[in-house]
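Index from 1, following the sequence. Counting convention: from 1, in listed order, for ligands and their atoms alike.
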Amino acid sequence: MIFYRQCVSITIGVLLIVLFGFCWKLSRYYSIVSTALPHNESAIKVAGAPSIRWDNYHEFVRDIDFDNSTAIFNSIRAALRQSPSDIHPLGVSYFPAVIPKGTLMYHAGSRVPTTFEWLAMDHEFSYAFGLKSPSYGRKSLKRKHGRFGNGTHGNHPKGPPPDEQGPSSQKMLTYRAARDLNKFLYLDGASAAKTDSGEMDTQLMLSNVIKKKLNLPDDDENERMAERLYAARICKWGKPFGLDGIIRVEVGFEVVLCDFSSDNVELVSMLDMVHPNQYLDLPSPTVISKEEGWPLDKNGNLVEDQLTHDQKAILDREDGWEQVLSNFNAVESFNCIRAGAAHDHGEHRIHLDYRHLVSGINRTYINPDPNNRRLLNDGMTWEKQLEMVDDLERALKVGFDASQSMDWQLALDELVNKFAPLLKSVSNILTSDGDFNESVAINATALTLNFCLRFEAASNNSDQFGSGKDFAIYQYASPYQDLKTDADFLIWSSTVSVVREIVDVVYKVNDLLIPEVYSFMKDNTTSSDLKKHVETARAAVDGLIESLGWIELNYRCERQCNWDEVCYTPSWGPSPMGMTDPGSHDGGFGTHFDESRQRLVINNELQCISVSNLLANGNR
Ligand SMILES: *[C@@H]1O[C@H](CO)[C@@H](O)[C@H](O)[C@H]1NC(C)=O
Ligand SMILES: *[C@@H]1O[C@H](CO)[C@@H](O)[C@H](O)[C@H]1NC(C)=O
Ligand SMILES: *[C@@H]1O[C@H](CO)[C@@H](O)[C@H](O)[C@H]1NC(C)=O
Ligand SMILES: *[C@@H]1O[C@H](CO)[C@@H](O)[C@H](O)[C@H]1NC(C)=O
Ligand SMILES: *[C@@H]1O[C@H](CO)[C@@H](O)[C@H](O)[C@H]1NC(C)=O
Ligand SMILES: *[C@@H]1O[C@H](CO)[C@@H](O)[C@H](O)[C@H]1NC(C)=O
Ligand SMILES: *[C@@H]1O[C@H](CO)[C@@H](O)[C@H](O)[C@H]1NC(C)=O
Ligand SMILES: *[C@@H]1O[C@H](CO)[C@@H](O)[C@H](O)[C@H]1NC(C)=O
């Protein structure tokens with residue numbers, strides 16, 4: 001603390017007069033630099049990848065407003081990350097994806113798939129999905145709903161309805177990618193939620209356009225489940241382009257693989273699923289029905305005081321078994337949730353090739369709020385939908401190679417990891433209550449001045465080298481791989497626009513408060529406008545924090561979770577924690593209804609959960 005304070009005072013004390021001069025000149029300098037560009041026209045290659053440099057980068061930045069920029073920025077940051085995909089559930093983009101040769105994928109089902117089918121990236125998911133153990137005792141009467149929701153949205157394609165499969169009819173299959181599967185489309189957001197609030201628009205749009213394009217008959221629509229119909233159409237359309245399938249978030253990530261032929265995947269394991277009760281050699285649960293002589297009322301509930309002595313003994317014994325088995329079952333479900341949370345920071349086995357990203361963003365007005373928008377809005381005309389599908393076809397013809405793509409998520413993570421703490425710290429300093437004095441200005445500028453001075457030259461360097469605010473933007477947004485495609489430029493231009501907004505605000509805070517620090521150090525006083533300047537600075541920072549919409553700035557785990565816990569982000573599809581329908585008012589665990597958006601959203605404070613939450617949830 002003391003060292004820090006001294007460091008700040010010394011820095012300011014020694015350099016004050018010089019620095020003070022610079023910081024006043026910053027905005028002036030900025031405009032000089034901008035008008036002097038570009039420096040060397042011949043450095044701009046027209047064909048191929050342009051050489052983007054500090055003194056010409058403006059030439060290459062394409063038009064995109066700040067709202068569209070944050071939408072692109074946040075979509076890329078959430079891509080292939082479970083928690084962010086659920087917090088920002090309304091995806092509007094198609095990301096080209098590659099699953100490398102050798103990657104294992106899983107399926108639980110009663111037979112080996114022959115047509116397109118769902119594969120989970122985590123065996124814990126397939127296992128929890130496929131293994132529906134029977135209940136014993138009194139619980140067997142109550143259990144009407146599976147652990148993956150109550151089935152009102154149709155049965156899930158990856159598993160049978162609960163309690164309708166005989167023991168051991170389920171198989172646990174493991175597949176291995178036999179080659180680089182380099183033509184997947186990853187659909188961002190909570191794209192496997194079985195909803196009609198927009199999470200599935202990327203699938204719906206493709207399905208609609210394909211139906212017209214391929215002149216498919218209506219009777220496809222008899223398909224029991226919307227997403228099975230979408231998958232059937234998408235695979236049919238993609239076949240001539242070599243489409244491998246689509247990727248979505250569920251609890252963890254899942255793949256719809258279009259073609260199970262051996263060139264694509266090989267089956268490396270097929271296990272009969274064993275229920276814990278079978279393994280422990282327990283007899284099957286006693287069937288409690290009127291026919292078997294059990295006292296049930298007209299609602300099917302047990303009439304306890306009419307039980308015979310023997311019946312009561314059977315139930316008590318089975319209730320005891322059930323209690324033990326429920327622990328096995330709850331852990332099985334909890335493992336699935338943990339496997340999903342393991343991908344909160346990424347499903348790193350899947351690689352994205354951003355060069356061929358196809359997004360609805362910057363095609364029409366799309367609300368940048370990822371909880372309050374949809375791809376299929378009024379502005380998304382049929383022509384625009386056709387254009388997007390054309391773009392997808394063009395991309396698929398090329399095929400994807402993530403190693404050739406700039407890793408934009410890495411680049412944007414870096415920005416957030418640096419700027420989020422800076423912005424929050426400055427905001428906190430400017431918000432501190434108590435007596436209002438110079439210490440607010442000193443503490444805030446200790447952060448901002450250190451930022452600005454990294455880009456300020458000590459003397460006129462004849463514009464020969466980069467410096468100034470404009471250079472700061474270049475430096476932070478500088479791509480480290482050649483930009484080749486429109487999508488590259490869309491992402492980079494968005495990055496420049498986001499960084500520019502941040503740099504502007506940091507400089508603005510500095511420009512507002514450095515004069516106060518100067519006056520304090522020179523005359524032991526601050527101006528009568530100190531309060532006003534601090535408030536202006538605070539409004540700028542807080543406004544920026546709000547408009548950036550970064551998950552880090554708004555969502556946190558309540559605490560560091562224990563080893564037997566998971567920091568839980570609710571998901572929108574079927575899950576061991578139950579099915580949360582975003583359109584409903586009664587929120588599932590960890591969500592609340594947001595009036596302005598008219599939907600459920602995820603609470604800003606994420607909670608640690610353990611097996612006991614699953615037991616309490618009745619999810620066994
Ligand atoms: C402009 O840039 C090109 C390529 O970097 C270089 O060969 C050329 O000498 C430069 N011209 C001037 C006038 O600096
Ligand atoms: C099942 O889902 C429907 C529709 O979302 C809901 O109204 C109903 O309350 C749910 N039932 C249970 C037991 O969760
Ligand atoms: C984004 O870009 C599109 C097309 O350029 C434009 O219509 C829209 O107003 C922009 N802003 C948002 C928030 O969508
Ligand atoms: C200035 O305000 C800070 C925080 O409110 C306080 O700790 C400090 O004592 C104040 N300094 C003076 C000189 O009043
Ligand atoms: C400024 O920083 C000093 C040293 O960390 C601290 O004691 C003081 O309370 C801070 N003042 C404000 C207003 O944040
Ligand atoms: C910097 O120096 C160059 C010549 O060396 C001069 O043309 C230019 O106007 C100066 N710029 C500033 C901001 O003083
Ligand atoms: C965004 O859309 C506008 C209008 O269609 C277009 O001029 C611009 O080039 C697009 N921006 C990017 C970065 O693609
Ligand atoms: C600065 O002003 C404060 C009161 O505003 C006073 O207590 C303090 O002694 C002054 N310091 C110097 C070095 O004059």
> Are Cys567 and Cys561 within a span of less than 2.5 Å, counting SG to SG?
Replying inline: no
> Considering residues at least two apart in sequence or located in another chain, which fulfil the ring pair (Phe, Tyr, Trp, His ring centres under 6.0 Å) criterion with Phe489?
Replying inline: none
> Are Arg599 and Trp572 in a cation-pi setup, meaning NZ or CZ lies under 6.0 angstrom from the ring centre and within 45 degrees of the ring axis?
Replying inline: yes
In residues 86-95, what donor-acceptor pairs under 3.5 Å come from side-chain atoms, sequence neighbours left out?
unit_1, atom_1, unit_2, atom_2, d
Ser93, OG, Ser359, OG, 2.8
Tyr94, OH, Thr202, O, 2.6

>> Would Tyr476 and Phe451 count as a ring pair (Phe, Tyr, Trp, His ring centres under 6.0 Å) here? Give the steps.
In response: CA-CA 12 Å; Tyr476 276 102; Phe451 182 95; 5.7 Å; yes
> Can you list the atoms of ligand 5 that are under 4.0 Å from a heavy atom of Asn443?
Replying inline: 1 (C), 2 (O), 3 (C), 8 (C), 10 (C), 11 (N), 12 (C), 14 (O)
>> I'd like to check which ligand 5 atoms, numbered from 1 as shown, lie under 4.0 Å from a non-hydrogen atom of Ser439.
In response: 11 (N), 12 (C), 13 (C)
> Under 3.5 Å, side chain of Asp244 to main-chain N/O of Lys183, donor-acceptor pair present?
Replying inline: yes
Quick one: ligand 3 N/O to protein N/O pairs below 3.5 Å?
unit_1, atom_1, unit_2, atom_2, d
ligand 3, 2 (O), Asn68, ND2, 2.3
ligand 3, 2 (O), Asn362, OD1, 2.9
ligand 3, 5 (O), Asn362, OD1, 3.1
ligand 3, 11 (N), Asp65, OD2, 2.9
ligand 3, 11 (N), Asn68, ND2, 3.0
ligand 3, 14 (O), Asn68, OD1, 3.2
ligand 3, 14 (O), Ile366, N, 2.9
ligand 3, 14 (O), Ile366, O, 3.4

> With Ser425, which residues qualify under side-chain contact (heavy atoms from CB on, under 4.5 Å), at least two apart?
Replying inline: Leu447
